[in-house]
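One structure is given here, and the rest of the page talks about it.
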Amino acid sequence: MTLSIFSGQAVQPAGVNRPAIRARSKHRELETTFADRSIRPIVFGIAKRRNGIMQAFLIALLSMVISTASLAADTLARARETGTVRLGFRLDAPPYSYKATNGEPSGYIVDLCREVVAGIKKAQDLPSLKIDYVEVSSATRLTALRDGKIDILCDPTSMTMSRRAMVDFSLPTFIDGAGVLHRANEVYRLEDLRGKKIGVLQGTTTEETLRTTLAQLGIQAQIVPMQAHPDGVRTLAEGKIDAYFADRGILNYHLLNSRNPTGMKLSDQYFTFETYALALPRGDDKLRLLVDATLAELYRTDRVKTIYARSFGTFPPDQFIRALFVINGVPK
């Protein structure tokens with residue numbers, strides 16, 4: 001349609017059928033209305049079902065979180081009800097956590113856990129509280145804690161961010177580092193292990209570090225996972241592997257107590273620095289505060305020297321351990 005500049009009246013352009021245009025427009029309008037009305041219930045129905053599924057998922061997830069938090073928060077309540085605290089310990093991690101020749105759990109970190117139980121007795125007024133020792137392995141220790149089979153993990157567990165996604169940790173208990181035990185006159189540097197067989201305890205941060213370091217340096221070597229430290233040291237002594245990686249404190253203990261130490265040597269090099277701590281149930285703030293308070297009191301006093309000397313001999317320890325005691329001797 002156009003406007004005549006002469007008469008000011010609307011003029012229908014030639015060849016345009018106005019009724020036909022109106023009919024087509026009306027038809028399209030009806031089609032759109034029908035489509036909207038037919039699709040809208042389907043779209044709304046799908047959205048409603050999705051919202052319902054999402055709400056159910058969120059409710060289930062929230063219930064799981066609340067349930068897990070409640071279980072973790074009941075550690076001290078469970079100790080009051082049962083009269084026991086379950087300490088997880090290792091058979092093969094001396095001088096930190098192991099079974100002595102008399103069959104009793106022993107080691108520096110086990111002794112620290114006994115002090116923690118004494119602190120629980122005092123704080124909770126539970127003089128008859130007993131200890132239930134539960135054997136764990138390097139592969140099962142963290143899942144045993146997560147699944148509620150133990151209350152406190154008393155072994156040389158390194159504190160890492162990935163592990164904190166599963167469990168909580170106390171104040172640090174020790175500082176050590178990965179080292180290598182090897183046959184004398186064969187290994188002077190890491191590159192000397194090219195093409196060799198290297199043993200390491202499976203499921204440990206040492207294993208992760210060893211694999212990563214060798215890959216970064218382009219060193220091809222055969223890594224042989226071990227189930228226990230004594231197995232690794234014995235396999236090395238028998239000549240079935242060329243070197244064995246573990247925390248230096250553990251390697252030094254096994255070397256000094258080995259029946260056949262001849263021909264084996266502990267490298268002076270530290271490949272990592274590992275910070276040990278007691279692993280605790282995740283989210284149990286009351287237990288963690290009580291554990292930290294006990295450890296801090298030990299570090300502030302001379303009592304920790306007696307505990308340390310029991311496992312490592314004459315005090316004082318090296319500068320790293322002394323710094324750990326000073327830094328973590330948090331005041332009341």
Side-chain angles (χ1 to χ4, degrees), residues 90-98 107-109 136-142 153 155-163 173-277 279 311-312 318 320-321:
R90 297 262 295 281
L91 298 178
D92 62 338
Y96 306 107
S97 180
Y98 64 102
Y108 173 69
I109 297 180
V136 295
S137 68
S138 61
T140 63
R141 53 185 171 171
L142 294 176
L153 178 56
D155 84 326
T157 296
S158 298
M159 180 168 46
T160 66
M161 296 307 296
S162 59
R163 287 175 174 174
T173 57
F174 204 82
I175 297 177
D176 202 351
V180 58
L181 187 64
H182 58 86
R183 290 200 292 272
N185 303 321
E186 290 191 13
V187 177
Y188 298 96
R189 55 180 185 166
L190 203 59
E191 287 77 3
D192 294 333
L193 295 173
R194 193 182 305 274
K196 304 289 187 179
K197 293 182 178 180
I198 308 172
V200 64
L201 190 66
Q202 67 175 7
T204 61
T205 53
T206 303
E207 180 186 11
E208 297 175 9
T209 302
L210 176 62
R211 293 182 182 277
T212 301
T213 302
L214 292 179
Q216 290 176 344
L217 296 177
I219 299 174
Q220 296 291 330
Q222 181 181 349
I223 296 179
V224 183
M226 296 290 174
Q227 297 295 325
H229 289 303
D231 296 339
V233 176
R234 182 174 57 254
T235 304
L236 175 63
E238 294 172 352
K240 297 179 181 179
I241 58 176
D242 301 291
Y244 184 68
F245 271 78
D247 291 347
R248 285 179 53 83
I250 294 174
L251 292 176
N252 186 60
Y253 177 91
H254 281 291
L255 181 61
L256 293 176
N257 292 274
S258 174
R259 296 180 178 179
N260 184 27
T262 305
M264 293 190 296
K265 182 181 179 181
L266 178 59
S267 172
D268 294 331
Q269 184 176 359
Y270 278 85
F271 294 96
T272 64
F273 283 99
E274 307 278 348
T275 302
Y276 299 159
S311 294
F312 297 98
D318 62 29
F320 298 112
I321 303 302

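Because only heavy atoms are used, hydrogens play no part in the values below, and waters and symmetry mates are left out as well, while side chains stay in. Here the structure is a predicted model, which means the values were calculated and not measured.
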- Query: Within a strict 4.5 Å, meaning less than it, do heavy atoms of the Ile250 and His254 side chains meet?
  - Reply: yes
- Can Ser137 and Thr140 be counted as having a side-chain donor-acceptor contact under 3.5 angstrom? yes
- Show the numbers, then the answer: is there a side chain to side chain contact (heavy atoms under 4.5 Å, CB included) between Leu190 and Phe271? CA-CA 10 Å; Leu190 203 59; Phe271 294 96; 3.6 Å; yes
- Query: Within the distance-only criterion (no hydrogens, no angle test), does the side chain of Asp231 pair as donor or acceptor with the backbone N or O of Gln227 below 3.5 angstrom?
  - Reply: no
- Query: Quick one: are Val224 and Val200 in side-chain contact, heavy atoms under 4.5 Å?
  - Reply: no
- Task: Would you name the heavy atoms of Ile241 and Gly232 that are closest together and state the gap between them?
- Result: CD1-O, 3.7 Å
- Task: Could you go through the side chain to side chain contact (heavy atoms under 4.5 Å, CB included) check for Lys265 and Arg183 one step at a time?
- Result: CA-CA 6 Å; Lys265 182 181 179 181; Arg183 290 200 292 272; over 6 Å; no
- Message: Keeping Ser311 on the side-chain end and Tyr108 on the backbone end, is there a donor-acceptor pair under 3.5 Å?
- Response: yes
- Item | Sub-4.5 Å side-chain heavy-atom contact between Leu201 and Glu207 | no
- May I ask you to test the Val233-Leu255 pair for a side-chain heavy-atom distance under 4.5 Å? no
- Message: Please check: side-chain N/O of Asp176 versus main-chain N/O of Gly249, any donor-acceptor pairing under 3.5 Å?
- Response: yes
- Query: Rounded to the nearest 0.5 Å, what separation is found between the CD1 atom of Ile219 and the CG atom of Asp192?
  - Reply: 9.0 Å
- Query: Are side-chain N/O atoms of His229 and Tyr244 paired as donor and acceptor at under 3.5 Å?
  - Reply: yes
- Query: Going by distance alone, is a donor N or O of one side chain under 3.5 Å from an acceptor N or O of the other, for Ser138 and Gln202?
  - Reply: no
- Query: Taking atom CD of Gln220 and atom NZ of Lys196, what is their separation to the nearest 0.5 Å?
  - Reply: 15.0 Å
- Message: For a quick test of reading the model, state the closest non-hydrogen atom pair linking Arg194 to Gly218 and the distance between them.
- Response: NH1-O, 3.0 Å
- Item | Closest non-hydrogen atom pair, Ala243 against Leu193 | CB-CD2, 3.8 Å
- Task: Any chance you could lay out the side chain to side chain contact (heavy atoms under 4.5 Å, CB included) test for Ile198 and Leu214, step after step, and finish with the verdict?
- Result: CA-CA 11 Å; Ile198 308 172; Leu214 292 179; 4.0 Å; yes
- Distance in Å, Leu251 CG paired with Met264 CE, rounded so as to fall on 0.5 Å steps: 10.0 Å
- For Leu236 and Leu181, work out which heavy atoms get closest and say how close. CD2-O, 3.4 Å
- Message: Quick one about Ser162 and Thr160 (side-chain donor to acceptor, distance below 3.5 Å, no hydrogens or angles considered), yes or no?
- Response: yes
- Can any side-chain N or O of Arg163 pair as donor or acceptor with the backbone N or O of Thr157 at less than 3.5 Å? no
- Task: Find out whether Arg90 and Arg141 are in side-chain contact, i.e. whether some heavy atom of one side chain is under 4.5 Å from a heavy atom of the other.
- Result: yes
- Do the two ring centres, one from Phe320 and one from Tyr270, sit under 6.0 Å apart? no
- Would you say Thr213's side chain and Leu210's backbone share a donor-acceptor pair under 3.5 angstrom? no
- Item | Residue pair Ala178 / Thr272: nearest heavy atoms and the distance that separates them | N-OG1, 3.0 Å
- Would a distance-only check, ignoring hydrogens and angles, find a side-chain to backbone donor-acceptor pair under 3.5 Å from Thr235 to Lys240? no
- Asp242 (side chain) donor-acceptor with Lys197 (main chain) under 3.5 angstrom: yes
- What distance separates Asp155 CG from Leu91 CG, expressed to the nearest 0.5 Å? 11.0 Å
- Query: Taking Arg248 for the side chain and Ser267 for the main chain, is one N or O donor matched with an acceptor at less than 3.5 Å?
  - Reply: yes
- Message: Can you give me the closest heavy-atom contact between Met159 and Ala277, atom names plus distance?
- Response: SD-CB, 4.3 Å
- Query: Can the ring centroids of Tyr96 and Tyr253 be said to lie less than 6.0 angstrom from one another?
  - Reply: no
- Task: Run the numbers on Ile223 and Arg211 for side chain to side chain contact (heavy atoms under 4.5 Å, CB included), then give the verdict.
- Result: CA-CA 8 Å; Ile223 296 179; Arg211 293 182 182 277; 3.3 Å; yes
- Measure the shortest side-chain to side-chain distance between Ile109 and Pro156 over non-hydrogen atoms and say whether it is less than 4.5 angstrom. yes
